[in-house]
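The sequence lines fix the lettering, A, B, ..., with proteins before strands; numbering per chain opens at 1.
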Amino acid sequence: MLLQWWEWEVWGVSLQKCSPDVALLLLFDYDKVELANMNRLFFQPHQAGLSKVEAAEHTLRNINPDVAFETHNYNITTMDNFTHFMDRISHGGLEEGKPVDLVLSCVDNFEARMAINTACNELAQIWMESGVSENAVSGHIQLIIPGETACFACAPPLVVAANIDEKTLKRDGVCAASLPTTMGVVAGLLVQNVLKYLLGFGTVSYYLGYNAMQDFFPSMAMKANPQCDDRHCRRQQDEYKKKEAERPKQEVVQEEEEEVVHEDNEWGIELVSEVSEAELRDASGPVPDLPEGITVAYTIPEKDGGSGETVEETDQSLEELMAQMKKM
Amino acid sequence: MADEATRKAVSEIPLLKTNSGPRDKELWVQRLREEYLSLIKYVENNKAADNDWFRLESNKEGTRWFGKCWYIHELLKYEFDMEFDIPVTYPATAPEVAIPELDGKTAKMYRGGKICLTDHFKPLWARNVPKFGLAHLMALGLGPWLAVEIPDLIAKGIIQHKEQQNS
């Protein structure tokens with residue numbers, strides 16, 4: 001099992017307790033333990049300064065010495081590290097050379113999720129993505145099967161409605177917070193989903209949200225987007241269609257999706273808006289069919305002809321352009 | 001978006017055509033050429049408007065970029081080194097620009113001196129993939145950040161002007 005994590009660790013403790021199902025954990029993280037992390041009760045003050053993966057390994061080993069670890073303290077979004085990261089996914093399984101069984105993403109930023117998504121699409125690696133919102137009062141888990149379900153790039157980032165009264169926010173739309181309790185709930189939901197997936201009991205959720213303010217848990221399944229920007233996602237979709245065509249017909253249980261309820265002022269249109277109405281129209285795109293309680297962080301307009309000049313055609317080579325820039 | 005001046009400056013930056021990232025071999029070279037063309041035009045525009053505020057160059061592969069940026073405050077010119085890596089998912093995700101020497105000096109910064117952009121930036125970038133490039137990152141990301149943070153840091157006495165840099 002490959003665990004890519006930035007922020008939270010309750011996950012690790014739960015899973016450790018659940019072995020012998022988990023025999024090997026690969027941990028990827030880029031950060032060091034700091035005092036700010038102490039609200040989560042996993043790291044301890046004496047570990048401040050250690051890399052998180054190192055500290056995590058020590059702590060988890062004490063909980064369960066029978067699990068093997070492989071730790072990597074690097075940023076997976078750079079070219080060099082990404083290649084190594086992909087190699088570990090595809091060859092770092094329990095039996096060296098085989099792929100891992102599952103990748104879990106517990107990161108706190110869009111860029112890292114996109115990088116993991118890119119790797120898993122390319123390698124047809126099943127993974128689960130998880131996250132907690134910036135205001136700490138909502139979170140989600142998501143199962144991604146390349147080609148079958150939506151990948152992380154198929155739609156703009158999903159948002160579990162937080163139902164916070166906007167009037168209580170000092171800066172529009174922003175209320176940065178960190179609640180170990182929310183993280184604990186989401187980590188528990190994630191591990192639960194992992195166990196159901198690995199051990200084959202219950203119903204594995206494709207997407208499960210958690211709205212802490214109202215204790216609302218919206219769930220749904222999102223199909224892959226045939227126009228996804230990631231060509232590997234599109235390729236996996238073709239592979240999946242071929243496989244499905246070859247399978248004998250089965251009774252498929254359709255999930256009832258609730259009607260889309262119009263959102264309230266999600267875009268935070270203020271009285272004195274920096275964005276004009278025209279710009280808003282231009283910036284709006286289609287909103288996917290989502291159940292109550294889930295929406296998108298923003299929309300992407302349909303591809304248009306494009307307003308604005310593009311770069312000129314030129315015969316200049318890259319070296320000539322680099323030299324030109326240096327002389328400026 | 002941003003203010004009128006920024007909007008105008010951005011509208012004069014040539015848009016890019018090739019949707020490829022650092023893992024795409026030949027197509028990446030094509031993208032790099034477009035990045036340089038766009039950056040050169042943007043710097044030329046800035047010079048013409050008497051607002052030449054940054055320089056950038058890259059390693060041979062175009063995966064590591066570094067340079068300088070300047071901010072003029074009360075007739076004094078402040079200079080900062082900056083750098084960033086091209087992430088594997090570029091241009092779907094924008095690079096994280098870092099100003100290492102300001103690391104820890106402002107709340108609007110992540111570890112290692114990576115500048116923290118406003119809520120507006122990511123959706124704007126996402127809507128304009130792959131047309132936006134590094135020049136747009138400068139104009140919409142770093143530029144506005146400097147405009148807000150530097151005067152604030154100066155006012156708080158956290159940064160001082162180096163004697164050698166007179167505008």
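- The two residues B/Ala92 and A/Phe110 make their nearest non-hydrogen contact at O-CE2, 4.4 Å.
- The environment of B/Phe66 atom CZ is dense: over 12 non-hydrogen atoms of other residues, nucleotides or ligands sit within 6.0 angstrom.
- The shortest side-chain heavy-atom distance between B/Tyr36 and A/Gln316 does not fall under the 4.5 Å cut-off.
- B/Lys17 has its side chain within reach of A/Val311: a pair of non-hydrogen atoms, C-beta onward, lies under 4.5 Å apart.
- Between A/Met322 and B/Ser58 the shortest heavy-atom distance is CE-OG, 3.4 Å.
- Annotation: side chain of B/Glu96 is not in contact with side chain of A/Thr77 (no heavy-atom distance under 4.5 Å).
- Rounding to the nearest 0.5 Å gives a distance of 10.0 Å between CG of A/Leu318 and CD of B/Gln30.
- If you measure heavy-atom distances from B/Lys60 to chain A, the contacts under 4.5 Å come from the backbone alone.
- With a 4.5 Å cut-off on side-chain heavy atoms, B/Glu61 and A/Met79 do not count as touching.
- Shown here for A/Ala115 and B/Val88, the closest heavy-atom pair between the two residues is CB-CG2, 4.2 Å.
- Only the side chain of A/Thr118 comes within contact range of chain B, judged by heavy atoms closer than 4.5 Å.
- The structure places CZ of B/Arg64 at 10.0 Å from CG of A/Asp80, a figure rounded to the nearest 0.5 Å.
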Walk me through whether B/Arg23 and A/Thr83 qualify under side chain to side chain contact (heavy atoms under 4.5 Å, CB included).
CA-CA 10 Å; B/Arg23 299 176 72 217; A/Thr83 311; 5.8 Å; no
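- When the candidates A/Lys32, A/Glu319, A/Met328, A/Lys326 are compared by the number of heavy-atom contacts under 4.5 Å with chain B, A/Met328 comes out ahead.
- In this structure, B/Lys47 places its NZ atom where more than 12 heavy-atom neighbours from other residues, nucleotides or ligands lie under 6.0 Å away.
- Considering only heavy atoms from C-beta on, A/Glu111 stays 4.5 Å or farther from B/Pro87 through its side chain.
- Not a single donor-acceptor pair under 3.5 Å links the side chain of B/Arg33 to the backbone N or O of A/Ser317.
- Proximity to chain A (any heavy atom under 4.5 Å) is shown, for B/Ser38, by both the backbone and the side chain.
- Once rounded to the nearest 0.5 Å, the distance linking CZ of A/Arg113 with OG1 of B/Thr89 reads 13.0 Å.
- A distance of 9.0 Å separates CG in B/Asp85 from CG in A/Asn81, rounded to the nearest 0.5 Å.
- Looking at heavy atoms from C-beta onward, A/Glu34 lies in side-chain contact with B/Arg111 at the 4.5 angstrom threshold.
- Interface residue B/Glu34: backbone and side-chain heavy atoms are both found under 4.5 Å from chain A.
- Side-chain contact between A/Thr314 and B/Leu37 is present, with at least one heavy-atom pair separated by less than 4.5 Å.
- Both the backbone and the side chain of A/Glu312 come within contact range of chain B, with heavy atoms under 4.5 Å apart.
- Contact annotation for A/Glu320: neither backbone nor side-chain heavy atoms come within less than 4.5 Å of a heavy atom of chain B.
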